[in-house]
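In what follows, a single structure is set out as structure tokens and then discussed.
When a ligand or atom number is given, it counts from 1 through the structure's own listing order.
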Amino acid sequence: VEYEVKTTLIQFLAQVSGKDGQQNSTVVWKQDSDPCTGLWQGVHCDPQNMSIKWLLLDKLNFSGTLDVAMLCNLQPLAASLTYLSLDGNKISGGIASEVGNCKQLTRLHLSGNQLAGYLPSSLAMLNNLKRLDISNNQFYGPLPNLSRISGLNMFLAQNNHLEGTIPAFDFSNFDQFNVSFNKFRGHIPKVHGYFSADSFLGNPDLCGDPLPKTCSDQHMPLSEAQTSEESKGPSKEQILMYSGYAALGVIIVIFAALKLCIRKKVENRIEALNNGVGTTAGDVEMPSNVSSEYKTEVSRSEFSVPSETGMVSQSLVVLSTAAPIELRLEDLLRAPAELIGRGKNGSLYKVRLDNGIMVVVKRIKDWSISSHDFKQRMRILSQAKHPHVLAPLAFYCSKQEKLLVYEYQQNGSLFKLLHGTPKTIDWTSRLGIAATTAEALAFLHQELGHHGIIHGNLKSSNILLNKNMEPCISEYGVMDMDDQRGSPFGSPNDAGSLDILKGDVYGFGVILLELLTGKLVKGDGVDLTDWVQSVVREEWTGEVFDKSLISEYASEERMVNLLQVAIRCVNRSPQSRPTMNQVALMINTIKEEEEKSLIYEV
Ligand SMILES: Nc1ncnc2c1ncn2[C@@H]1O[C@H](COP(=O)(O)OP(=O)(O)OP(=O)(O)O)[C@@H](O)[C@H]1O
């Protein structure tokens, strides 16, 4: 590492620790050693080119001042630093505008210090920023327009003195967001159910969903209020801006008209198809290639879809733009199908469409839900979009029969990954799957819980792996809440409607136990939970873990932490189980610890 970089880092440390000359400092970096090879505490380098990537100096009792300009004005550091973390010290000062030079920063964690002052607008120029935590400080003034950073997925700024309006964030990008206990005012931008009131509480002049306080005219967003006060006549910039908007408007209208034309064409086609299908129902081919695993003959009558009149008269309702273009019921029925599962709520077929695309069709018979409620449910489900939730592409609904069409996931399920041979899943991947699944489930609970929609059948065979081997929750909302009566998962009937989501928390806890033990679940998760609880009661906790995790030297501390989360989730009493939001936070903390330890090893 260059001499200049070393000197700057040492000066930065002296200033931020408040221990000049590093006397009495808990961290000592020496000029005669190298930050990357000399194991400087808190410094993590890219092993390829020995550049400084992370500076992690959390909870070290530092009481100096922050000088980010010192780091970000030095080109080699500014070009390599991706993660700066100083959480939980007593550092004062502010964030200098030079932070904008640290263009590679993806994470800036400054929570729990005594930092103050305005946030520089250059913060919003950090295009690579993903996680920004400035919570529990004394920052004041308005927020820079952080909504322009498209990849930002965590923003924590609670407990400061920030004011003005909240920028128009796209909350669907965020897994954590909190601006509570500040002095923000005006309308909250559209939250679409991604975050609850907790994220906005404690701002007396803030209004609108999800806060109970509705907005009146006096709550006009600051930007609008300023415009109306100042506008005697439009300025040159305003004229330019408005003509830009007008041009954009024209483009949108043309685009909408085009879309309408296309939709009309498709509708005509479906109509024609439906008329045709009614008369050609007899031509529907028999599905073939039945899976040898199930050794079940699929006959035409089993997979064809008769309407109430005995004819195929309704079309598929396509819900997703990801659906293969012109996905039609007729094509589904004609395509070769392979029975791949017969679960407690229906059969599952893998279907190869004419164009070679594979889809999976879930066929649910005799579900007592009315057609109206089913359609309504499908519409709600399709609106809750999340990258780790496999939403149905399309559905079909008649009185006796419901079909749901999903994308085929060729990497199979978590069940197969954990219990198949060879078992190829290491600790880091297991923790990653746990964290991602927890976040996705927390999202669904937030989005759908108030509609009374739960997963209701969460298990490792319903966690599928996408092409990047990331987990996706499948078959969400396919089970009726009533179907869970008497289930050990803790149904809504156990303790009132508030607990409807806690059955899913139980199911998720069992998945965590499977990830940790590598053992099979029997009888609705009961055997495995009983076994784990008895071993832990006898204080043989270490015996619980999958042998392959022990032999790869996975951190026992973090495995025990995850086990504690799992045990809380499978608590007999639904009320004592945490919410999925809490679970997701706990697992994320364990994952962050794991990431930090991995980089220490480097
Ligand atoms: N979209 C999909 N792509 C690939 N495989 C899938 C898909 N959906 C389900 N599977 C797999 O197909 C198999 C059968 O699924 P199915 O849902 O019928 O059974 P199950 O999950 O064991 O039971 P249940 O009906 O109770 O959910 C499972 O191994 C599941 O992981």
Side-chain angles (χ1 to χ4, degrees), residues 287 289-296 298 302-303 319-320 322-324 327 332 335-353 356-367 381-382 386-395 401-421 425 433 437 440-441 454-484 486-489 491 503-504 506-508 510-511 514-515 520-526:
N289 306 342
V290 175
S291 153
S292 56
E293 199 184 330
Y294 289 91
K295 307 240 178 346
T296 312
V298 185
E302 209 182 346
F303 193 58
L319 294 166
S320 163
L327 179 64
L332 265 191
E338 177 186 349
L339 178 69
I340 57 171
R342 219 190 260 284
K344 62 178 158 208
N345 52 9
S347 314
L348 199 83
Y349 302 83
K350 183 164 115 188
V351 179
R352 181 191 288 277
L353 300 173
I357 293 177
M358 291 283 209
V359 292
V360 156
V361 180
K362 178 109 195 163
R363 176 176 180 243
I364 309 170
K365 263 184 147 180
D366 305 323
W367 186 2
L381 279 177
S382 69
H386 189 283
H388 298 289
V389 174
L390 194 67
L393 297 173
F395 71 87
E401 192 110 46
K402 317 272 177 286
L403 296 184
L404 288 161
V405 185
Y406 295 95
E407 238 175 72
Y408 175 68
Q409 305 294 311
Q410 60 186 4
N411 285 324
S413 67
L414 178 61
F415 178 90
K416 229 157 104 194
L417 194 66
L418 278 172
H419 308 298
T421 41
I425 171 164
I433 287 176
T437 310
L441 192 57
I454 53 173
H455 189 291
N457 191 21
L458 201 64
K459 53 186 177 178
S460 55
S461 64
N462 283 336
I463 308 294
L464 303 175
L465 298 153
N466 68 14
K467 56 181 183 305
N468 304 321
M469 291 305 277
E470 294 161 342
C472 280
I473 300 177
S474 87
E475 297 193 11
Y476 199 93
V478 170
M479 202 162 175
D480 227 353
M481 269 169 4
D482 290 345
D483 295 346
Q484 291 186 85
S487 141
F489 287 6
S491 74
D504 282 351
Y506 185 99
F508 181 75
V510 176
I511 293 176
E514 264 181 280
L515 282 165
L520 280 169
V521 178
K522 288 190 204 95
D524 282 346
V526 175

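Judged purely by atom type and a 3.5 angstrom limit, Asn466 has no side-chain atom pairing as donor or acceptor with the backbone of Pro471. Here the side chain of Asn462 pairs no donor or acceptor atom with the backbone of Glu475 at under 3.5 angstrom.
For atom 20 (P) of ligand 1, the nearest non-hydrogen atom from the set Cys472, Gly456, Ser461, Ser460 belongs to Ser461. Comparing Gln409, Glu475, Met358 against atom 3 (N) of ligand 1, the shortest heavy-atom distance belongs to Gln409.
Every N/O-N/O distance between Tyr408 and ligand 1 stays at or above 3.5 Å. At least one N or O atom of Asn462 sits closer than 3.5 Å to an N or O atom of ligand 1. The shortest N or O to N or O distance between Asn457 and ligand 1 is below 3.5 Å. Considering both main-chain and side-chain atoms, Ser474 never comes within under 3.5 Å of ligand 1 through any nitrogen or oxygen pair.
The contact set between ligand 1 and Leu390, taken as ligand atoms under 4.0 Å from a residue heavy atom, comprises 1 (N). Close contacts between ligand 1 and Ser413 involve ligand atoms 31 (O) [criterion: under 4.0 Å to a heavy atom]. Close contacts of ligand 1 with Leu348, meaning ligand atoms under 4.0 Å from a residue heavy atom, involve 8 (N), 9 (C), 10 (N), 12 (O), 14 (C), 15 (O), 18 (O).
Only the backbone of Glu407 comes within 4.0 Å of ligand 1, counting heavy atoms alone; no side-chain atom from C-beta on gets that close. Proximity of Lys416 to ligand 1, defined as any heavy-atom pair under 4.0 Å, is not found for any part of the residue. Contact annotation for Ile340 and ligand 1: heavy atoms of both the backbone and the side chain come within less than 4.0 Å of the ligand.
Residue-ligand proximity: Gln410 is placed with every non-hydrogen atom at 4.0 Å or more from ligand 1. Ligand 1 lies out of reach of Lys350, whose nearest heavy atom is not under 4.0 Å from it.
Under the rule for a ring pair (Phe, Tyr, Trp, His ring centres under 6.0 Å), the partners of His386 that lie at least two apart in sequence or sit in another chain are His388, Phe443.
Of all heavy-atom pairs spanning Tyr476 and Leu381, the tightest one is O-CD1, 3.5 Å. Residues Tyr406 and Leu393 share a closest heavy-atom pair of C-CD1, 3.8 Å. Here the closest heavy-atom approach between residue Pro387 and residue Cys472 is recorded as O-SG, 3.9 Å. In terms of heavy-atom proximity, Leu417 sits nearest to Ile425 at CD2-CD1, 3.5 Å.
Distance check, rounded to the nearest 0.5 Å: CD1 of Ile473 to CG of Leu390 gives 10.5 Å. Rounding to the nearest 0.5 Å places CD1 of Ile463 at 8.0 Å from CZ of Phe508.
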